[in-house]
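In this text the structure is predicted, and so the values were computed from the model without any measurement.
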Amino acid sequence: MDQFFFSTSWFVPFYSILGAILTLPWGIGIIQRTGPRPAAYINLLTTILAFIHSLFVFKNIWDREPQNLIVSWFKAADLDLSLSLELSPVSIGATVLITGLSLLAQVYALGYMEKDWSLARFFALMGFFEAALSGLAISDSLFLSYALLEVLTLSTYLLVGFWYAQPLVVTAARDAFWTKRVGDLLLLMAVVTLSTLAGSLNFSNLYEWAQTANLSPMTSALLGLALIAGPAGKCAQFPLHLWLDEAMEGPNPASVMRNSLVVAGGAYLLYKFQPLLALSPVALNALVVMGTVTAIGATLVSIAQIDIKRSLSHSTSAYMGLAFLAVGLQQGGVALMLLLTHAIAKALLFMSSGSVILTTQSQDLTEMGGLWSRMPATTTAFVVGSAGMVTLLPLGSFWAMLAWADGFVNISPWVIGVLVLVNGLTALNLTRVFRLVFWGKPQQKTRRTPEVGWQMALPMVFLTVLTLLLPLMLQQWYLLPDWESINWYVVLALFGSTVVGIVVGCTVHLHKAWSRSRILAWRFLQDLLGYDFYIDRVYRVTVVSAVALLSKVSAWSDRYLVDGFVNLVGFATIFGGQTLKYSISGQSQGYMLTILAVVSVLGFFISWSLGLLNKLPF
């Protein structure tokens with residue numbers, strides 16, 4: 001039985017595809033009499049099957065060697081497009097995480113979107129979403145990974161724009177789609193280049209090629225930067241980071257998946273690019289710079305947001321920036337550990353924030369307060385999720401950051417400063433959000449707020465327990481460092497930054513009526529961070545204005561030069577024809593005379609030109 005599950009583990013993504021297909025009759029309105037609930041149950045059933053299948057494989061894969069399954073998709077002449085799948089503890093563990101969180105998000109969606117008129121379409125899109133993520137997890141082919149990234153881009157567009165009747169939602173979906181297209185286009189260039197240089201797009205073959213590849217510095221730099229561009233767009237890294245903030249206009253169950261798994265999928269692909277990126281120091285330095293700027297900048301921006309989902313989404317970009325920094329420093333294993341702990345904690349935070357949004361019908365932090373006594377399960381989920389995000393002993397993120405920082409104390413001590421700063425600011429932001437939402441006096445929208453139903457409470461309770469038990473799981477998988485090798489100065493610095501962030505977050509004055517400070521200097525700083533350093537306006541003045549100007553020049557050229565010349569030829573033809581019709585006499589001798597006159601003139605000019613050529617001294 002174990003061998004059967006292992007040999008068929010490639011089928012895990014197809015469970016979700018099957019669920020999405022079976023959901024379509026309800027999603028497109030063919031079946032209406034039963035309502036949309038059966039579609040949700042069908043998709044839940046296929047997700048449960050995928051989770052159980054991947055869990056059985058993960059349980060028995062530790063004593064097996066990683067295996068590759070190769071499926072020949074297209075072969076012609078020298079072109080061989082084969083789809084390679086990797087079955088290893090990392091890839092199968094990723095499928096367990098994806099299917100498990102997807103299952104919890106779908107149960108959560110049953111309560112959150114209970115009265116939505118298009119529930120079946122949402123679950124069909126979630127199945128589509130889950131299938132792409134699961135396929136990306138076990139893919140060992142750059143060609144297949146790129147195709148699945150395109151599916152994720154389409155899924156993001158459809159889920160962000162789910163409530164398409166709202167103009168702001170349409171704008172957010174469009175921006176998310178086009179921003180990712182920038183990174184995907186550059187990644188496609190890298191895929192085509194590697195297929196030419198290496199002759200194969202399977203990662204195992206690419207790794208062997210990278211060991212002996214001899215590329216010029218320019219080629220390796222451009223190739224590395226193109227490989228980085230795709231994951232940078234998926235992980236909302238600077239300068240392709242603005243879409244994740246706008247994508248919070250979509251349904252919250254989709255935001256749970258997007259902020260925990262989709263962004264992690266881009267970083268997971270970057271982890272697989274490590275041997276290729278090692279060919280270019282420029283690419284590694286770009287990862288370090290991009291990750292550092294995004295981690296610090298996004299964390300600063302998050303503390304100035306008054307929208308609960310946007311505040312959490314910026315912290316997602318910040319932690320993905322830390323993952324980029326880890327890969328840039330060639331610490332891919334630590335990046336994977338950080339992705340695991342972040343995914344579970346961030347899913348729990350978004351579930352708790354979604355419960356608040358559903359019961360208060362508001363996302364504005366200044367309109368909330370006093371919910372801790374009315375929503376105990378939601379409050380507990382937010383507190384545990386926040387503790388799992390920062391370096392608070394003994395939860396998972398502490399061990400992830402400690403394992404990373406411990407190796408760079410003597411080599412790159414500035415990395416410790418980045419971790420301490422990001423961790424402290426994250427603790428400050430989460431404490432601020434907790435005070436505004438759950439603490440203080442109840443506001444008008446929170447005075448009679450009830451706790452959410454069991455469909456939403458059950459996933460939160462499960463993830464709360466999982467977050468608390470995660471250190472034990474890491475210990476069972478031999479991922480925790482030995483106590484003898486721990487640098488206690490680093491432990492003190494990381495834990496101290498958490499304590500300082502919590503203390504500052506608890507003591508800073510938060511007046512709900514003053515959403516903007518009355519002091520001019522503080523107001524300027526607040527607006528600078530609240531509007532994301534005005535990067536969108538910088539884009540509007542530079543990139544958008546340049547594209548608009550080029551579009552106007554192109555439109556003028558098409559209208560007055562290209563179309564104008566064609567119209568001129570057409571007008572001359574019409575005018576000549578209209579003029580000649582008045583010269584028709586019906587006498588053939590007149591026509592012959594006209595032809596002879598024209599031929600004589602042409603002959604004169606030709607002979608004159610030949611005479612000039614004969615006089616030239618060649």
Asker: Could you tell me whether a side-chain N or O of N252 sits under 3.5 Å from a main-chain N or O of F350, the two making a donor and an acceptor?
Answerer: yes
Asker: Could you tell me whether the side chain of S220 and the main chain of S216 form a donor-acceptor pair under 3.5 Å?
Answerer: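 Indeed, once roles are kept as given, a pair shorter than 3.5 Å links the two residues.
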Asker: Which atoms form the tightest heavy-atom contact between P251 and F162, and what is the distance?
Answerer: CG-CD2, 3.8 Å
Asker: Report yes or no: do S315 and K346 form a side-chain donor-acceptor pair below 3.5 Å?
Answerer: yes
Asker: Write down the atom of G250, the atom of K309, and the distance for their closest heavy-atom approach.
Answerer: O-NZ, 3.2 Å
Asker: What distance separates L69 CG from S9 OG, expressed to the nearest 0.5 Å?
Answerer: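 If I round to the nearest 0.5 Å, the distance is 6.5 Å.
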Asker: Closer than 3.5 angstrom, by distance alone: can the side chain of R432 be matched with the main-chain N or O of I303 as a donor-acceptor pair?
Answerer: yes
Asker: Without swapping roles, check the side chain of Y146 against the backbone of G230 for a donor-acceptor pair under 3.5 Å.
Answerer: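 Not at all, since once roles are kept as given, no pair shorter than 3.5 Å links the two residues.
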Asker: Are F273 and L142 packed together at the side-chain level, in the sense that at least one heavy-atom pair is separated by less than 4.5 angstrom?
Answerer: yes
Asker: Is there a donor-acceptor pair closer than 3.5 Å between any side-chain N or O of S195 and the backbone N or O of S200?
Answerer: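 Checked: no pair found.
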Asker: Side-chain donor-acceptor contacts of residues 320-329 below 3.5 Å, not counting sequence neighbours, with atom names and distances?
Answerer:
none

Asker: Kindly say whether L277 contributes a backbone atom to a donor-acceptor pair with the side chain of S280 at under 3.5 angstrom?
Answerer: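 No.
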Asker: Do V90 and Y268 come within less than 4.5 Å of each other through their side chains, counting heavy atoms only?
Answerer: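 Yes - at least one pair of side-chain heavy atoms lies under 4.5 Å apart.
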Asker: Are any side-chain N or O atoms of K272 and backbone N or O atoms of S139, one a donor and one an acceptor, separated by less than 3.5 Å?
Answerer: yes
Asker: Do T316 and H342 pass the side chain to side chain contact (heavy atoms under 4.5 Å, CB included) test, and can you show the C-alpha distance, the side-chain angles, and the key distance before you say yes or no?
Answerer: CA-CA 8 Å; T316 299; H342 172 268; 4.0 Å; yes
Asker: Do W209 and L276 have side-chain heavy atoms sitting under 4.5 Å apart?
Answerer: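 When only atoms from C-beta onward are counted, L276 and W209 do touch, with a gap below 4.5 Å.
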Asker: Between Y319 and T426, does a side chain to side chain contact (heavy atoms under 4.5 Å, CB included) hold up when you go through it step by step?
Answerer: CA-CA 10 Å; Y319 272 72; T426 302; 3.7 Å; yes
Asker: Show the atom names and distances, to 0.1 Å, of all donor-acceptor pairs under 3.5 Å that link a side chain in residues 386-396 to residues at least two apart or in another chain.
Answerer:
unit_1, atom_1, unit_2, atom_2, d
S386, OG, F382, O, 2.8
T391, OG1, N423, OD1, 3.2
T391, OG1, N423, ND2, 2.8
T391, OG1, L494, O, 3.0
T391, OG1, T498, OG1, 2.9

Asker: Can you see whether N429 engages T299 through a side-chain donor-acceptor pair at a distance of less than 3.5 angstrom?
Answerer: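 No.
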Asker: Please determine whether side chain to side chain contact (heavy atoms under 4.5 Å, CB included) holds for the pair L136 and V151, giving the CA-CA distance in whole Å, both sets of side-chain angles, and the decisive distance to 0.1 Å.
Answerer: CA-CA 10 Å; L136 184 64; V151 175; over 6 Å; no
Asker: Just wondering, more than 12 heavy atoms not from F14 lying within 6.0 Å of its CZ?
Answerer: no
Asker: Distance from T467 atom OG1 to L463 atom CG, nearest 0.5 Å?
Answerer: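 Spacing of OG1 (T467) from CG (L463) equals 6.0 Å.
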Asker: How about OH on Y157, more than 12 heavy atoms from neighbouring residues, nucleotides or ligands closer than 6.0 Å, or not?
Answerer: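 Check fails, neighbour count at 12 or below.
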Asker: Please identify which of these residues, T99, V96, I17, meets the side chain to side chain contact (heavy atoms under 4.5 Å, CB included) condition with S134.
Answerer: T99
Asker: Holding to side-chain hydrogen bond (donor to acceptor under 3.5 Å, both in side chains), I want the full list of residues that pass it with T196, two or more places apart in sequence or in another chain.
Answerer: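 None.
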Asker: Can you measure from CG (L529) to OH (Y534) and round to the nearest 0.5 angstrom?
Answerer: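 Here the rounded value is 9.5 Å.
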Asker: Nearest heavy-atom pair of A236 and L244: which atoms, and what distance?
Answerer: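 Taking A236 first and L244 second, the nearest heavy atoms are CB-CB, 3.7 Å.
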Asker: Return yes when atom OH of Y531 has more than 12 non-hydrogen atoms of other residues, nucleotides or ligands closer than 6.0 Å, and no otherwise.
Answerer: no
Asker: Heavy atoms only: give me the nearest K234-G266 pair and the separation to one decimal.
Answerer: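 It is CB-CA, 4.0 Å.
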Asker: Taking side chain as C-beta onward, heavy atoms only, is I138 less than 4.5 Å from P13?
Answerer: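 Side-chain contact under 4.5 Å: yes.
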Asker: Just wondering, do Y271 and L339 contact through their side chains at under 4.5 Å, heavy atoms?
Answerer: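 The answer is no, as the side chains (C-beta and beyond) never meet within the 4.5 Å cut-off.
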Asker: Might you point out which heavy atoms bring G385 and L348 nearest each other, and give the distance in Å?
Answerer: N-CD2, 3.6 Å
Asker: Does L550 reach the side chain of V547, with side-chain heavy atoms less than 4.5 Å apart?
Answerer: no
Asker: Inspect the contact between R310 and E249 and indicate whether a charged nitrogen and a carboxylate oxygen are less than 4.0 angstrom apart.
Answerer: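 Salt bridge: yes.
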Asker: Mind checking the CD-CD spacing from Q305 to Q526? Nearest 0.5 Å is all I need.
Answerer: 10.0 Å
Asker: Are any of the side-chain heavy atoms of V256 and L101 separated by less than 4.5 Å?
Answerer: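 They are not in side-chain contact.
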Asker: Under the criterion side chain to side chain contact (heavy atoms under 4.5 Å, CB included), I'd like the reasoning laid out for L336 against L340: C-alpha separation, chi angles, the key distance, then a yes or no.
Answerer: CA-CA 6 Å; L336 286 182; L340 170 64; over 6 Å; no
Asker: Nearest 0.5 Å, what's the CG-CG distance between L152 and L148?
Answerer: 7.0 Å
Asker: Are a donor atom and an acceptor atom from the side chains of H241 and D532 found within less than 3.5 Å of each other?
Answerer: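 A pair is found: one side chain offers a donor N or O, the other an acceptor, under 3.5 Å apart.
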Asker: Taking side chain to side chain contact (heavy atoms under 4.5 Å, CB included) as the definition, give me every residue that meets it alongside Y489, ordered by chain and number, with sequence neighbours left out.
Answerer: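 In terms of side chain to side chain contact (heavy atoms under 4.5 Å, CB included), with neighbours along the sequence ignored, Y489 is linked to N487.
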Asker: Hey, are the side chains of L242 and D175 touching, using non-hydrogen atoms and a 4.5 Å cut-off?
Answerer: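 When only atoms from C-beta onward are counted, D175 and L242 do not touch, as no gap falls below 4.5 Å.
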Asker: Given L87, which partner from the list T95, V57, N68, I92 fulfils the side chain to side chain contact (heavy atoms under 4.5 Å, CB included) test?
Answerer: I92
Asker: For residues A190 and L227, report the shortest heavy-atom separation together with the two atoms involved.
Answerer: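 Residues A190 and L227, closest heavy atoms: CB-CD2, 3.7 Å.
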Asker: To the closest 0.5 Å, what do you measure between CD (E86) and CG (N202)?
Answerer: 11.5 Å
Asker: So, does T193 use its side chain to make a donor-acceptor pair with the main chain of M189 at under 3.5 Å?
Answerer: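 Indeed, once roles are kept as given, a pair shorter than 3.5 Å links the two residues.
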Asker: Run the side-chain hydrogen bond (donor to acceptor under 3.5 Å, both in side chains) test against S84 and tell me which residues pass, sequence neighbours left out.
Answerer: D140
Asker: Does any donor atom in the side chain of T153 or D184 lie under 3.5 Å from an acceptor atom in the other side chain?
Answerer: yes
Asker: Can I get a per-line list of side-chain donor-acceptor pairs under 3.5 Å for residues 281-292, giving both atom names and the distance, sequence neighbours left out?
Answerer:
unit_1, atom_1, unit_2, atom_2, d
N285, ND2, P281, O, 3.1
T292, OG1, V288, O, 2.7

